[in-house]
Amino acid sequence: MSFLAAIGRYVLSALAAVGRIALFAMRTVSHLARPPFYWSEFGHALVQIGWLSLPVVGMTALFTGGALALQIYAGGARFNAETVVPSIVAIGLTRELGPVLGGLMVAARVASSIAAEIGTMKVTEQIDALTTLSTNPMKYLTLPRVLAATLALPLLVGVGDALGIMGGFLVGVGRLDFGAATYLHNTIDFLENWDVISGMIKGAVFGFIVALMGCYYGMNSGRGAQGVGSATKTAVVAASVLILASNYLLTELFFSA
């Protein structure tokens, strides 16, 4: 019975955490409809989350596209289907690998940064100071970051898709002896608008998750350096797991549609 009780406590604790995160998300979104909106914080967050994440997302997509082309060529050669390399690289990147890898890279960089920043502000009582100055901490700290990540990540996914396809093109032409015109022709013929749009929708959801986890665990971090470190670690882990879980749910939704 003690074993079953331990499982029950774990399940109830997990459900309570899900409820707290859901309420935090609803409170964050609700502030969109209530002024004021801190444009300076939003602009700063947009630069930090979007522009400064571009190198890591771009390099990840570029090398992933090249590796994907090699792997698909190696597999397709067993069935005399090497010609599918351009189309599969493009579809795989835009629908799946582009948004997922972009989301995970941004989670590693942004969720940890947000959690550490807000956690440090909590430890040094800067959040209490905001409340004393009649400034809502969620409106000032959480909403601009969540909105910036939700808007920036689809753009990062789009850039990552283009660089990933370019990586596959460079490997296909330079290493696998594809003709440049043939490679591009096959890519354009088989890539549909919905492939790109579905990936960018995933990017928006992943951006919301990344910033939300960073803000939530930063706001609820423990006291001292150990508490901030634990909040930072938990934010990255939670964001990564939720990205993978929501990716499956969105893929299932798009597949059913």
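All residue numbers in this chain count up from 1 along the given sequence.
Side-chain N or O atoms of T234 include one that pairs as donor or acceptor with a backbone N or O of S230 at under 3.5 Å. With hydrogens and angles ignored, the 3.5 Å screen pairs a side-chain donor or acceptor of S30 with a backbone N or O of R27. Side-chain atoms of S13 never come within 3.5 Å of backbone atoms of R9 as a donor-acceptor pair (strictly under, hydrogens ignored). No side-chain donor-acceptor contact under 3.5 Å links K122 to the backbone of V228. Of the possible donor and acceptor atoms, one in the side chain of N220 sits under 3.5 Å from a partner among the backbone N and O of Y216.
When all heavy atoms of M219 and P137 are compared, the closest pair comes out as CE-O, 3.8 Å. Smallest separation of non-hydrogen atoms from A90 and T187: CB-CG2, 3.8 Å. Contact detail for T94 and P99: the closest heavy-atom pair is O-CD, 3.7 Å. Nearest heavy-atom pair, E41 versus Y140, reported as atom, atom and distance to 0.1 Å: OE2-OH, 3.3 Å. In this structure, F190 and I91 approach most closely via the heavy-atom pair O-CD1, 3.9 Å. Closest approach of N186 to S87, counting heavy atoms only: O-CB, 4.2 Å.
Within 6.0 Å of the CZ atom in F42, the count of heavy atoms belonging to other residues, nucleotides or ligands exceeds 12. Summarising the local packing, CZ of R78 is surrounded by 12 or fewer heavy atoms from other residues, nucleotides or ligands at distances under 6.0 Å. More than 12 heavy atoms of other residues, nucleotides or ligands sit less than 6.0 Å from atom CD of Q126. Residue F37 qualifies as enclosed at atom CZ: its count of foreign heavy atoms under 6.0 Å is above 12.
Checking L176, I188, V89, L170 one by one against Y183, the side-chain contact (heavy atoms from CB on, under 4.5 Å) holds for a single residue, V89.
Listed by chain and number, the residues in a salt bridge (Lys or Arg N to Asp or Glu O under 4.0 Å) with R109 amount to none (sequence neighbours excluded).
The pair E125-R223 does not meet the salt-bridge criterion, since no charged nitrogen lies less than 4.0 angstrom from a carboxylate oxygen.
Inspection of the K202 and T251 side chains reveals an N or O donor paired with an N or O acceptor under 3.5 Å.
Rounding to the nearest 0.5 angstrom, the gap separating the CZ atom in F255 from the CZ atom in R95 is 9.5 Å.
Side chains of N136 and H31 form a contact here, defined as non-hydrogen atoms less than 4.5 Å apart. A heavy-atom distance below 4.5 Å is not found between the side chains of F169 and F178.
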